[in-house]
Amino acid sequence: EYFRSLVTGEKNGRSLCSVNYLGVLEAWPETYSFKHLLQWPDTVAMLMFFRSNILRFAKKKLITYEICMEIAKYDSNAFKYIPQRFLTREFYEEAFVNNKFSLEYMPEEYITLEMCVAAVTYYSGIFKYIPLKYRTKEICRIALSSDMWHYEEVPYEIWDKELVMLAYQHNAWQISLDRIPQELWDDEIFLMAVSKSGRDIQFVPQEQITYELCQKAVENEWYAVKYI
């Protein structure tokens, strides 16, 4: 009945269709599909909550700059379907203000360091979309402070002892000593590593293993004893 209320008069027979959260389902019997429904301007604007599906299925002549912008503010997938003529620097910048995930689709020449800082501060998962030239120590520190899943994406030359210790202090179970540059290894890092993940003692060079390291490793994970 909701869809029926969107269209009136001669369009009444076009109004009913079935959708789910992920996309378009088959049309209900004797009704028009979602693709058919999007042929008329009055329904395109009213069905904005379908977001990127609007751009996928609506007639191209009905897609306006305003509709694309409104959808791009909330659905990054929309960038796959937005007509190329709308994808200017200004479009990306305006969409980014409301949707930091749009950085994934933004051409590198439009991205700035300030955007990268804002994006990673908003959600550290965006770190993987940041161009390598902007993966500064500051941005890496922000990412590592909240989500260690991206530690493998930190440029090798950026790693220093401060970042290593920060990595272990946040979500340490996700990181392994063998993924840390060996030139940074020292007694303090070894102790931090086995205190957070006892099994990491297997990566400590034999000549640097101490009774304290063994004790900390077993206290953290009893089965670390098999590596001692």
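Taking the side chain as every heavy atom from C-beta outward, Ser197 and Ser176 never approach each other to under 4.5 Å. The shortest side-chain heavy-atom distance between Pro83 and Phe86 falls under the 4.5 Å cut-off. Looking at heavy atoms from C-beta onward, Tyr168 lies in side-chain contact with Asp200 at the 4.5 angstrom threshold. Cys140 places a side-chain heavy atom less than 4.5 Å from the side chain of Pro155. Side-chain contact check for Leu177 versus Ile189: some heavy-atom pair is nearer than 4.5 Å. Taking 4.5 Å as the limit, every side-chain heavy atom of Arg135 sits out of range of all side-chain heavy atoms of Ile158. Lys73 has its side chain within reach of Glu94: a pair of non-hydrogen atoms, C-beta onward, lies under 4.5 Å apart. For the pair Met69 and Thr64, the minimum side-chain heavy-atom distance is 4.5 Å or more.
A distance of 4.5 Å separates CD in Glu108 from NZ in Lys133, rounded to the nearest 0.5 Å. Rounded to the nearest 0.5 Å, atoms CG (Leu132) and CD (Glu153) are 9.5 Å apart. Between Glu183 atom CD and Trp159 atom CH2 the span is 12.0 Å, to the nearest 0.5 Å. If you take CZ on Phe127 and CD1 on Ile142, they are separated by 10.0 Å, rounding to the nearest 0.5 Å. Residue Tyr129 holds its OH atom at 8.5 Å from OG of Ser76, rounded to the nearest 0.5 Å. Of the inter-residue distances, the one linking Ile180 atom CD1 with Trp185 atom CH2 reads 9.5 Å to the nearest 0.5 angstrom.
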- Message: Before you tell me yes or no, could you show the steps for Phe96 and Glu93 under side chain to side chain contact (heavy atoms under 4.5 Å, CB included), namely the whole-Å CA-CA distance, both residues' side-chain angles and the distance that decides it to 0.1 Å?
- Response: CA-CA 5 Å; Phe96 179 81; Glu93 289 177 347; 5.7 Å; no
- Message: If you apply the rule side chain to side chain contact (heavy atoms under 4.5 Å, CB included), what do you find for Leu113 with Ile139, and how did you get there?
- Response: CA-CA 9 Å; Leu113 179 61; Ile139 288 178; 3.6 Å; yes
- Query: Between Gln202 and Lys226, is a side chain to side chain contact (heavy atoms under 4.5 Å, CB included) present by the stated rule, with each step listed?
  - Reply: CA-CA 9 Å; Gln202 66 183 299; Lys226 71 177 183 179; over 6 Å; no
- Evaluation steps, side chain to side chain contact (heavy atoms under 4.5 Å, CB included), between Tyr105 and Asn77: CA-CA 9 Å; Tyr105 298 97; Asn77 288 326; 3.4 Å; yes
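Side-chain N or O atoms of Ser124 include none that pairs as donor or acceptor with a backbone N or O of Val120 at under 3.5 Å. For Asn99 (side chain) and Ala72 (main-chain N/O), a donor-acceptor pair under 3.5 Å exists by modelled atom type.
The two residues Leu213 and Gln208 make their nearest non-hydrogen contact at CD1-O, 3.5 Å. The two residues Phe101 and Tyr122 come nearest to each other via the heavy atoms CE1-CE2, 3.8 Å. Contact record, Ile201 with Ala224: CG2-O, 4.2 Å, taken as the closest heavy-atom pair. The two residues Phe190 and Val204 come nearest to each other via the heavy atoms CD2-CG2, 3.9 Å.
Counted by atom type alone, Arg199 and Tyr223 present one or more donor-acceptor pairs between their side chains at under 3.5 Å. Side-chain contact check for Ser195 and Asn220: no donor-acceptor pair (N or O, by modelled atom type) lies under 3.5 Å.
With hydrophobic clusters built from ILVMFWY side chains whose heavy atoms lie under 4.5 angstrom apart, Val97 does not share a cluster with Leu103. Tracing side-chain contacts under 4.5 Å through hydrophobic residues (I, L, V, M, F, W, Y), one reaches Leu184 starting from Leu191; they form part of the same cluster. If you chain together hydrophobic residues whose side chains sit under 4.5 Å apart, Ile126 and Tyr74 never meet in one group.
A salt bridge is defined here as a Lys NZ or Arg NE, NH1 or NH2 lying under 4.0 Å from an Asp or Glu carboxylate O, and Glu188 with Lys161 meets this definition. A salt bridge links Glu162 with Arg141: the distance from a Lys NZ or Arg NE/NH1/NH2 to an Asp or Glu carboxylate oxygen falls below 4.0 Å.
Heavy-atom contacts from other residues, nucleotides or ligands closer than 6.0 Å to CD of Glu207 number more than 12. Within 6.0 Å of the NZ atom in Lys216, the count of heavy atoms belonging to other residues, nucleotides or ligands does not exceed 12.
By the 30° and 60° cut-offs, the orientation of the rings of Phe91 relative to Phe79 is perpendicular.
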